[in-house]
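Throughout, residue positions are numbered sequentially from 1 according to the sequence presented. Just so you know, these numbers come straight off a predicted model, no measurement behind them.
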Amino acid sequence: TFRRFRAVFVDDGSQDDSVAVLHRCLETASFPYEIIRKENGGAASARNAGLRAATAPWIGFVDSDDGLLPQFLEQLYTAATQSGADFSVCGFQLILEGSGKQPQPAGEFAYEALTAAEYMRRYYTNWVGVVCMLISGPFQRGKKLFFDENCTYHEDIPFITETIAAAERVAQINNALYLYLAHPGSLSRSPRMDKFLSGIQSFEKTAAKLTQSSSAAAEIFCTMAPARYYIATLRKAAVQMSYPAFAELTKQIGFRRFLAVAAVKVYVQQCRIRVGRGKQLSHVCLGNMNRFVHHGAVSSQNSSIIVIIA
């Protein structure tokens, strides 16, 4: 429903006939486009190539195997421009490959204008990918916001975190407009140790930057983000990796540093999270980290989290 766009296609070193197929698909295209061919460098490298080629006032991303509802660009653009936001963001629908699930249509359009601190809290309560965002081009170029090309695991988390921290205002849409196709062979579901290590290292670089900031958004990040990131990453690794590989991963990231000066102990008991001092922090299934509740007991930057996986 939004026609005023230019598409940049990035071929990240494909070895098949992807580019030929793309040219055939674009023979009747009614929009301007550019095709960039480069050596394989991964998702972060491909996205950076697209960012450097983008000259428009607003920039969005779409992964090659996903889809969009027709209102995706229109609603993100309207929310961003009406609110004066540095970026807008929508929800997504998860479509499991082969499930036969049909996308749900968009509901009535509405959005909230939030401060960066308000959205930082929401982001680390309910993660979304960069594909759900429409970012101001002048803002992105002025703040020099790019992806860490050494990161191969959820490379958008550090990028989005730094984008939120640099923003003044965010527009959040009520509709889930992005269609995320999940399939078993994706990089985010492979049990490679170097993948998890690269994600943790990239996250820690971002954390080091934000600890030097006195902004409200950075304070929210330092209070709640590290615990949530490490718990979610280690949970994913525990599910995907063999026990010997998982044990080696915890050694490589220096997991014992989380045990050294623990201010609060978190035990995994029957897939529930409890405070180690006998006081219940929250009852949430580890599979639903969106409901993990932040409390003062883990608000200190010096607090450490102990996760015991039985």
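- Every ring-ring contact (aromatic ring centres under 6.0 Å, His included) that F31 has, sequence neighbours left out, goes to F5.
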Verify side chain to side chain contact (heavy atoms under 4.5 Å, CB included) between L76 and C90, making sure each step is shown before the conclusion.
CA-CA 7 Å; L76 285 171; C90 67; 4.1 Å; yes
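- Atom-to-atom distance recorded for T1:OG1 and L73:CG is 8.0 Å, nearest 0.5 angstrom.
- By the 4.5 Å heavy-atom criterion applied to side chains, Y33 and L26 are counted as neighbours.
- A salt bridge links K38 to D12: one of the charged nitrogens lies within less than 4.0 Å of a carboxylate oxygen.
- We find the CD-OG1 distance between E204 and T211 to be 11.5 Å, quoted to the nearest 0.5 Å.
- Ring geometry for Y229 against W127 counts as perpendicular: the plane angle is over 60°, on a 0 to 90° scale with 30° as the lower cut.
- Every residue two or more places apart in sequence or in another chain was checked for a ring-ring contact (aromatic ring centres under 6.0 Å, His included) with F92, and none qualifies.
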Would you please test Q240 and F196 for side chain to side chain contact (heavy atoms under 4.5 Å, CB included) and show each step?
CA-CA 11 Å; Q240 295 182 1; F196 291 109; 3.5 Å; yes
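- Placement of Y123 and Y230 within a single hydrophobic cluster is found when ILVMFWY residues are connected by side-chain heavy-atom separations under 4.5 Å, directly or transitively.
- For the atom pair S136 OG and I59 CD1, the distance stands at 8.0 Å (nearest 0.5 Å).
- Under a cut-off of 6.0 angstrom, the local environment of CD in E168 is sparse, with at most 12 non-hydrogen atoms contributed by other residues, nucleotides or ligands.
- The backbone N or O of V19 sits nowhere less than 3.5 Å from a side-chain atom of D11 that would complete a donor-acceptor pair.
- Atom CZ of R169 is surrounded by 12 or fewer heavy atoms from other residues, nucleotides or ligands within 6.0 Å.
- The two residues A49 and I36 have their closest heavy-atom pair at O-CD1, 3.8 Å.
- Partner of M120 under the side chain to side chain contact (heavy atoms under 4.5 Å, CB included) criterion, chosen from T223, L210, L114: L210.
- For the pair V62 and L68, the minimum side-chain heavy-atom distance is below 4.5 Å.
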Begin with the C-alpha distance, continue with both residues' side-chain angles, and end with the deciding distance and a verdict on side chain to side chain contact (heavy atoms under 4.5 Å, CB included) for Y180 and I95.
CA-CA 6 Å; Y180 175 72; I95 310 294; over 6 Å; no
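- A chain of hydrophobic side-chain contacts below 4.5 Å, direct or via other Ile, Leu, Val, Met, Phe, Trp or Tyr residues, connects F87 to F109.
- A search for ring-ring contact (aromatic ring centres under 6.0 Å, His included) contacts involving Y178 returns nothing, not counting sequence neighbours.
- Residues Q140 and F146 have side chains in contact (heavy-atom distance under 4.5 Å, counting atoms from C-beta outward).
- The closest side-chain heavy-atom distance from V170 to T115 is not below 4.5 Å.
- Nearest approach of L234 to F246, heavy atoms of both residues: O-CE1, 3.4 Å.
- Counting only N and O atoms by type, the side chains of T161 and T206 include no donor and acceptor under 3.5 Å apart.
- Between the CD atom in Q252 and the CE atom in M193 there is a gap of 5.5 Å [rounded to 0.5 Å].
- Listed here is the closest heavy atom pair of Q71 and A106: OE1-CB, 3.8 Å.
- In terms of hydrophobic clustering, with Ile, Leu, Val, Met, Phe, Trp and Tyr side chains grouped at heavy-atom distances under 4.5 Å, F139 and I160 are assigned to a common cluster.
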For the pair E108 and N174, evaluate side chain to side chain contact (heavy atoms under 4.5 Å, CB included) and give the outcome as yes or no after the intermediate values.
CA-CA 8 Å; E108 185 177 352; N174 62 317; 5.5 Å; no
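- Closest non-hydrogen pair, A53 versus R6, comes out as O-NH1, 3.5 Å.
- Criterion: ILVMFWY side-chain heavy atoms under 4.5 Å apart, direct or through other members. Under it, L249 and I157 are part of a common hydrophobic cluster.
- Across L181 and D66, no two heavy atoms sit closer than the pair N-OD1, 3.0 Å.
- From I164, atom CD1 reaches atom CD1 of I220 across 11.5 Å, with rounding to the nearest 0.5 Å.
- With values rounded to the nearest 0.5 angstrom, C25 atom SG is found 8.5 Å from F9 atom CZ.
- F203 and F221 have their aromatic ring centers within a separation under 6.0 angstrom.
- In summary, the aromatic rings of Y119 and Y124 are positioned with their centroids too far apart to meet the 6.0 Å limit.
- Linking ILVMFWY side-chain heavy atoms closer than 4.5 Å, directly or via other members, places V128 and M224 in a single hydrophobic cluster.
- You'll find the side chain of L177 reaches within 4.5 Å of the side chain of Q75, heavy atoms only.
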Could you walk me through whether E112 and R122 pass salt bridge (charged side-chain N to carboxylate O under 4.0 Å, His left out), step by step?
CA-CA 12 Å; E112 287 184 85; R122 289 195 183 186; 2.9 Å; yes
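- Between the side chain of Q93 and the main chain of A176, a donor-acceptor pair closer than 3.5 Å is present.
- Using a 3.5 Å distance cut-off with no hydrogens or angles, the side chains of N48 and S45 do not pair a donor with an acceptor.
- Seen from the ring of F159, R47 does not count as a face-on cation partner, given the 6.0 Å and 45° thresholds.
- Q15 contributes a side-chain N or O that, together with a main-chain N or O of G13, makes up a donor-acceptor pair within less than 3.5 Å.
- Counting only distance, with no hydrogens or angles, the side chain of D16 and the backbone of S18 share a donor-acceptor pair below 3.5 Å.
- Y111 places none of its side-chain heavy atoms less than 4.5 Å from the side chain of S88.
- Ionic pairing of K205 and E162 is not present here: no N-O contact between side-chain nitrogen and carboxylate oxygen is shorter than 4.0 angstrom.
- Between I135 and D86, the closest side-chain pair of non-hydrogen atoms is not below 4.5 Å.
- S202 contributes no side-chain N or O that, together with a main-chain N or O of D148, makes up a donor-acceptor pair within less than 3.5 Å.
- Side-chain atoms of V239 and K236, non-hydrogen and from C-beta on, never get closer than 4.5 Å to each other.
- Residues A165 and A217 approach most closely at CA-CB, 4.3 Å, considering heavy atoms.
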